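Just so it is clear, the values below take in all heavy atoms, side chains as well, and ignore hydrogens, waters and symmetry mates. We count ligands from 1, going down the list as the structure has it; atoms in each ligand are counted the same way. None of the values given here were measured: they were computed from a predicted structure.
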Amino acid sequence: MTVAFISDLHLTPDRPHSSEMFQAFGKSAPQLLSSLYILGDLFEYWIGDDGVTELGHGETESTIKSIADSGVKVFFLHGNRDFLVGDEFSKRTGCTLLPDPVVIEEDGLRILLTHGDSLCVEDIEHQEARKNMLSSKWKVAFLETPLRQRFETADRMRKGSELAKKTKPMEIMDVTQSAVEEMMRDHGVNIMIHGHTHKPAAHEFTLDGQLARRFVLGDWYEQKSIILLDQGKLTLRK
Ligand code: MN
């Protein structure tokens with residue numbers, strides 16, 4: 001059986017094509033997969049598990065639930081857009097939440113999984129915001145505000161980040177190689193899979209004299225991007 005990795009679907013009612021692709025994927029998953037790992041930014045943004053209807057993501061939750069109910073193990077690791085996905089979401093959909101980063105063992109391989117934004121160390125602005133928003137103090141305070149207000153705050157932040165992206169040089173929005181190497185070394189692995197940068201690729205390099213591989217998932221704006229692990233072999237399908 002095959003293990004699949006996906007990320008950066010950025011689902012939103014504004015981009016119905018991506019949601020349709022995910023629903024079609026959900027229908028075929030039970031026959032093909034033993035496990036599915038979602039590596040963050042499944043949603044364009046998330047304002048708390050009680051906001052699923054407000055955000056129009058009921059159908060996506062049903063799709064994940066149907067995959068999990070069929071016997072496929074579904075794992076979810078947070079992205080920078082959907083870091084507020086919590087225990088209620090996990091209960092409703094039947095997925096297991098994973099910390100970022102995490103090392104998994106599948107098909108005889110030890111693989112380091114991360115969303116990837118923590119590797120973009122040159123984007124100081126993002127790293128500062130990340131530190132602030134991942135603090136439990138910020139999360140608790142945000143989740144206590146009324147739903148409507150959270151919705152507006154998230155929308156404003158999203159527009160701000162779109163604008164900032166246009167003015168930032170391309171290089172700072174990619175991962176920093178030394179950060180990649182440090183994270184792999186810290187976890188004693190030579191394979192890493194991440195998303196976030198929307199630059200799908202399979203990179204090979206030498207880490208402490210050994211072959212190391214970094215697989216990057218793409219977004220789902222135009223087409224699916226999936227990494228499959230089958231019989232010990234990892235394949236990127238853009
Ligand atoms: Mn991201």
Notebook entry, point to check: Quick one: does Arg150's side chain have a donor or acceptor within less than 3.5 Å of a partner on Thr145's backbone?
Noted result: yes
Checklist line | Test salt bridge (Lys or Arg N to Asp or Glu O under 4.0 Å) applied to Lys137 - qualifying residues, sequence neighbours left out | finding: none
Checklist line | Residues forming a salt bridge (Lys or Arg N to Asp or Glu O under 4.0 Å) with Asp41, sequence neighbours excluded | finding: none
Next item on the list: Count the heavy atoms belonging to other residues, nucleotides or ligands that lie under 6.0 Å from CD of Gln31, then report whether that count exceeds 12.
Entry: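 Atom CD in Gln31 is packed in, count exceeds 12.
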Notebook entry, point to check: Below 4.0 angstrom, N of the basic side chain to O of the carboxylate: do Arg213 and Glu204 qualify?
Noted result: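 Looking at Glu204 together with Arg213, the answer is no, because their closest N to O distance does not fall below 4.0 Å.
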Next item on the list: Taking 2.8 Å as the upper limit, name the protein N, O or S atoms near the Mn ion (ligand 1).
Entry: Asp41 OD2, Asn80 OD1, His115 NE2, His196 ND1
Next item on the list: Not counting sequence neighbours, list each pair that qualifies as a side chain to side chain donor-acceptor pair (under 3.5 Å) and has a residue in residues 182-192.
Entry: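 Matches after skipping sequence neighbours: Arg185-Asp208.
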